[in-house]
Amino acid sequence: MITIITNTNINTGTEAGERADGRASNELRPLKIEAGVLKRADGSAYLELGGNKILVAVYGPRELHVRRIMQPNRAVLRCRYNMAPFSVDDRKRPGPDRRSVEISKITSEALTPVVFLEKFPRSTIDVFIEILQADGGTRCAGITAASVALADAGVPMKDMIVSCAAGKANEKIVLDLSEWEDKEGEADVPIAMMPRTGEITLLQSDGNLTPEEFEKALDLAVEGCKKISEEQKKAIIARYGD
Ligand code: UDP
């Protein structure tokens, strides 16, 4: 879509107080989630959020042969977040980097609290998150899609983790930052939570916010998570029925 900027706010790409893509401050980008898209994985999901396109494959629970990380009384949940070389404007060098290692780690930590890992001693559950196209907020979108793929794999969980970011861009607290808002904005607060209890399993903060702004961003991110959670459930119902 081509946006024609008619005022002098060329640098910010927005009319005063309005978001560049025309969204309200509490509005998510268009969201689509589909479960069970890969026939060879035990569970899978495909998610689009704005321009993000993300594919997740889950394998397991299955026996873990790596003794160094094997746990005698529970499974381990291994997550790998990977950006395809063609997913971003400047070609991404293939393979892990500092950022993807960090996102893999926080994804695993965000999902682990809901999974009944103790049911599968000496096992692993492997989650592969492939970013096919990135448009800001990929860590949250990846976590949301991973939850659906875990549910699709039949992994027992006490809730389906959902993730969303809010932050500050163009002096306003806004939900679900676009790539431009993420890069040029003042702050980004990605969260993940258990929708049933409201427990937060991921909370990051990048940039500067006053305590009041932080509270507002957190409330907005929780509101976004609740909306996305409904779409996760719909994706599972569309595949398996009620
Ligand atoms: N991005 C990029 N090249 C990279 C990493 C990220 O163009 O090597 C873009 C991508 O659109 C991503 C956004 O920058 O979604 C914001 O990245 P960040 O590290 O804040 O993570 P995210 O918001 O995706 O969770």
Side-chain angles (χ1 to χ4, degrees), residues 1-32 47-54 81-93 97-107 110 129-145 162-192 200 202-225 227-228:
M1 193 181 80
I2 297 167
T3 308
I4 299 166
I5 300 159
T6 52
N7 69 358
T8 50
N9 255 343
I10 298 288
N11 290 336
T12 61
T14 62
E15 303 279 340
E18 200 183 279
R19 296 174 81 174
D21 53 14
R23 277 186 291 154
S25 57
N26 65 347
E27 195 177 341
L28 292 167
R29 289 171 287 178
L31 173 65
K32 178 183 140 181
L47 178 147
E48 288 182 5
L49 177 66
N52 289 310
K53 296 186 177 189
I54 299 174
Y81 166 103
N82 180 54
M83 267 187 151
F86 49 80
S87 64
V88 286
D89 282 338
D90 296 327
R91 177 182 176 275
K92 157 86 176 62
R93 196 157 167 248
D97 55 15
R98 231 184 118 191
R99 177 177 171 277
S100 65
V101 170
E102 181 238 335
I103 296 179
S104 300
K105 180 173 183 290
I106 58 111
T107 298
I129 300 168
E130 298 293 324
I131 310 298
L132 307 177
Q133 189 171 284
D135 188 29
T138 58
R139 74 192 62 208
C140 294
I143 292 169
T144 296
V162 58
S163 181
C164 184
K168 187 176 173 189
N170 210 18
E171 298 297 319
K172 278 184 85 176
I173 302 299
V174 292
L175 178 63
D176 181 29
L177 284 83
S178 66
E179 184 180 51
W180 181 85
E181 289 171 332
D182 198 320
K183 284 182 177 165
E184 304 297 326
E186 293 88 79
D188 182 21
V189 181
I191 72 161
I200 303 278
L202 167 73
L203 176 59
Q204 295 188 293
S205 184
D206 182 16
N208 291 324
L209 292 171
T210 64
E212 294 73 30
E213 287 172 335
F214 178 78
E215 286 283 332
K216 204 173 161 194
L218 190 56
D219 288 348
L220 208 49
V222 168
E223 197 186 306
C225 279
K227 288 183 196 157
I228 296 172

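Atoms considered below: every heavy atom in the structure, side chains included; atoms not considered: hydrogens, waters and symmetry mates.
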*Check each of N208, L218, V189, I173 against E213 using the side chain to side chain contact (heavy atoms under 4.5 Å, CB included) test, and report the only one that passes.*
I173
*Nearest-0.5 Å distance that lies between atom CG in L203 and atom CZ in F214*: 4.5 Å
*asked:* Surrounding NZ of K216 (heavy atoms of other residues, nucleotides or ligands, distance under 6.0 Å), is the total greater than 12?
replied: no
_If the test is side chain to side chain contact (heavy atoms under 4.5 Å, CB included), which one of S25, C164, C225 qualifies with L175?_
C164
*Between D188 and D182, is there a donor-acceptor pair closer than 3.5 Å when you use the side chain of the first and the backbone of the second?*
no
_Name of the residue among E186, K168, R23 meeting side chain to side chain contact (heavy atoms under 4.5 Å, CB included) with E181_ = R23
*What heavy-atom pair brings I131 and S87 nearest, and what distance separates the two atoms?*
O-CB, 3.4 Å
*asked:* Treating T144 as the side-chain partner and V162 as the backbone partner, does any N or O pair qualify as donor plus acceptor under 3.5 Å?
replied: no
*Can you list the steps and then say if T138 with Y81 is a side chain to side chain contact (heavy atoms under 4.5 Å, CB included)?*
CA-CA 9 Å; T138 58; Y81 166 103; 2.7 Å; yes
_Nearest atoms (heavy-atom pairs only) where M83 meets A134_ = CE-CB, 3.6 Å
*Tell me, with the steps shown, if R29 and N52 meet side chain to side chain contact (heavy atoms under 4.5 Å, CB included).*
CA-CA 10 Å; R29 289 171 287 178; N52 289 310; 3.6 Å; yes
*Checking N82 side chain against E130 main chain: does a donor-acceptor pair fall under 3.5 Å?*
no
*For L209 and A217, which heavy atoms make the closest approach, and how far apart are they?*
CD1-CB, 4.5 Å
_Pair K172, R19 - check side chain to side chain contact (heavy atoms under 4.5 Å, CB included), show working._
CA-CA 9 Å; K172 278 184 85 176; R19 296 174 81 174; over 6 Å; no
_Donor-acceptor check, side chain of Q204 to backbone of P190, threshold 3.5 angstrom: yes or no?_
no
_Quick one, D176 and L220 - any side-chain contact, counting heavy atoms below 4.5 Å?_
no
